[in-house]
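Position 1 is the first residue of the sequence, and the numbers go up from there. Reckoned from all heavy atoms, side chains included, excluding hydrogens, waters and symmetry mates. Note that the structure is predicted; figures quoted are calculated from it, not measured.
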Amino acid sequence: MRVHEIVIADDLRPEYLQQIVQYANQYRSDIKIRFEAECMQLDAKSILGMMFIPIRRGTRLTIQTKGADEEEAIEMMSSMLEKKEHQV
């Protein structure tokens, strides 16, 4: 299992969240995102889950991956969520 904590640099638009879900679904590993302030954990492969809580600038979250390609999955998720500019 891999774990990485981050603080979101910019608000994430719904279109960008859809792109993250598409990338997450390319991995076999489970990918979870835990929101510390809301005491909630979501599946990064679920579009409904990712749209459930607005991911705004300053949001603290923890990415957790578990599975055969967990290292690659956490690197991708961290990279996409830590970007300062989100392209679609």
Side-chain angles (χ1 to χ4, degrees):
M1 177 170 38
R2 306 281 179 177
V3 178
H4 184 73
E5 295 180 11
I6 64 172
V7 176
I8 300 299
D10 286 324
D11 294 354
L12 302 184
R13 298 187 332 253
E15 298 85 10
Y16 191 71
L17 292 172
Q18 286 177 324
Q19 187 177 22
I20 290 173
V21 170
Q22 288 174 347
Y23 279 104
N25 277 296
Q26 294 177 1
Y27 295 92
R28 292 181 306 200
S29 295
D30 290 332
I31 305 172
K32 305 293 183 194
I33 298 177
R34 184 176 312 139
F35 295 84
E36 302 301 330
E38 290 83 5
C39 297
M40 180 176 287
Q41 180 172 298
L42 302 174
D43 182 353
K45 295 182 180 184
S46 166
I47 191 67
L48 292 176
M50 290 295 285
M51 298 292 186
F52 186 69
I53 293 182
I55 303 177
R56 303 201 192 289
R57 186 171 151 238
T59 301
R60 285 190 174 278
L61 53 86
T62 303
I63 306 164
Q64 177 181 327
T65 59
K66 184 176 183 182
D69 53 2
E70 63 189 29
E71 189 169 336
E72 295 88 357
I74 203 159
E75 286 176 15
M76 179 277 302
M77 290 297 294
S78 298
S79 162
M80 292 192 80
L81 290 169
E82 289 179 326
K83 281 185 181 178
K84 291 194 181 222
E85 294 182 19
H86 302 98
Q87 307 285 329
V88 176

Legend entry - E5/R60 salt bridge by N-O under 4.0 Å criterion: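 The answer is no: the pair does not qualify as a salt bridge.
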Legend entry - E75: salt bridge (Lys or Arg N to Asp or Glu O under 4.0 Å) partners, not counting sequence neighbours: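 Checked E75 against salt bridge (Lys or Arg N to Asp or Glu O under 4.0 Å); zero matches.
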Inset, instruction - Provide the closest heavy-atom pair for V21 versus K45 in the form atom of the first, atom of the second, distance. - result: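 Of all heavy-atom pairs spanning V21 and K45, the closest is CG1-O, 3.5 Å.
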Legend entry - Shortest non-hydrogen contact between D69 and S29, atoms and distance: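 Looking at all heavy atoms of both residues, the closest pair is OD1-OG, 2.5 Å.
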Legend entry - Any H4 side-chain heavy atom under 4.5 Å of E82 side chain: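 SC-SC contact between H4 and E82 confirmed.
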Legend entry - ILVMFWY cluster, I6 and M1 together (side-chain gap under 4.5 Å):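 Different clusters.
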Legend entry - side chain to side chain contact (heavy atoms under 4.5 Å, CB included) between M77 and Y27, intermediate numbers included: CA-CA 11 Å; M77 290 297 294; Y27 295 92; over 6 Å; no
Legend entry - From CZ (R57) to CG (D11), nearest 0.5 Å: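 So the gap between those two atoms works out to 8.0 Å.
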Inset, instruction - Please check if atom OH in Y23 has more than 12 non-hydrogen atoms from other residues, nucleotides or ligands closer than 6.0 Å. - result: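 Counting neighbours around OH of Y23, 12 or fewer heavy atoms of other residues, nucleotides or ligands fall under 6.0 Å, so no.
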Inset, instruction - Indicate, with yes or no, if F52 and L17 share a hydrophobic cluster defined by side-chain heavy-atom contacts under 4.5 Å among Ile, Leu, Val, Met, Phe, Trp and Tyr. - result: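 Hydrophobic grouping puts L17 with F52.
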Legend entry - Heavy-atom pair of closest approach, residues A44 and I33: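 Here A44 and I33 meet closest at CB-CD1, 4.0 Å.
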Residues 61-68, side-chain donor-acceptor partners within the protein, below 3.5 Å, at least two apart:
{"residue": "T62", "atom": "OG1", "partner": "E36", "partner atom": "OE2", "Å": "2.9"}
{"residue": "Q64", "atom": "OE1", "partner": "R34", "partner atom": "NH2", "Å": "2.9"}
{"residue": "T65", "atom": "OG1", "partner": "E70", "partner atom": "O", "Å": "3.0"}

Legend entry - OG on S46 to CG on N25, rounded to 0.5 Å: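 Those atoms lie 9.0 Å apart.
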Legend entry - Transitive ILVMFWY side-chain link M76 to V3, under 4.5 Å: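 No, because M76 and V3 fall into different hydrophobic clusters, even though each may have its own neighbours under 4.5 Å.
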Legend entry - Verdict with reasoning, L12 to M50, per side chain to side chain contact (heavy atoms under 4.5 Å, CB included): CA-CA 10 Å; L12 302 184; M50 290 295 285; over 6 Å; no
Inset, instruction - Could you state whether V7 and I74 fall into the same hydrophobic cluster, counting links through intermediate Ile, Leu, Val, Met, Phe, Trp or Tyr residues with side-chain heavy atoms under 4.5 angstrom apart? - result: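 No, no single cluster joins them.
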Legend entry - Contact check, side chains of T59 and I53, non-hydrogen atoms, under 4.5 Å: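 Contact flag for T59/I53 side chains = no.
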Legend entry - Any donor-acceptor N/O pair, Y16 side chain to M80 backbone, under 3.5 Å: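 Yes.
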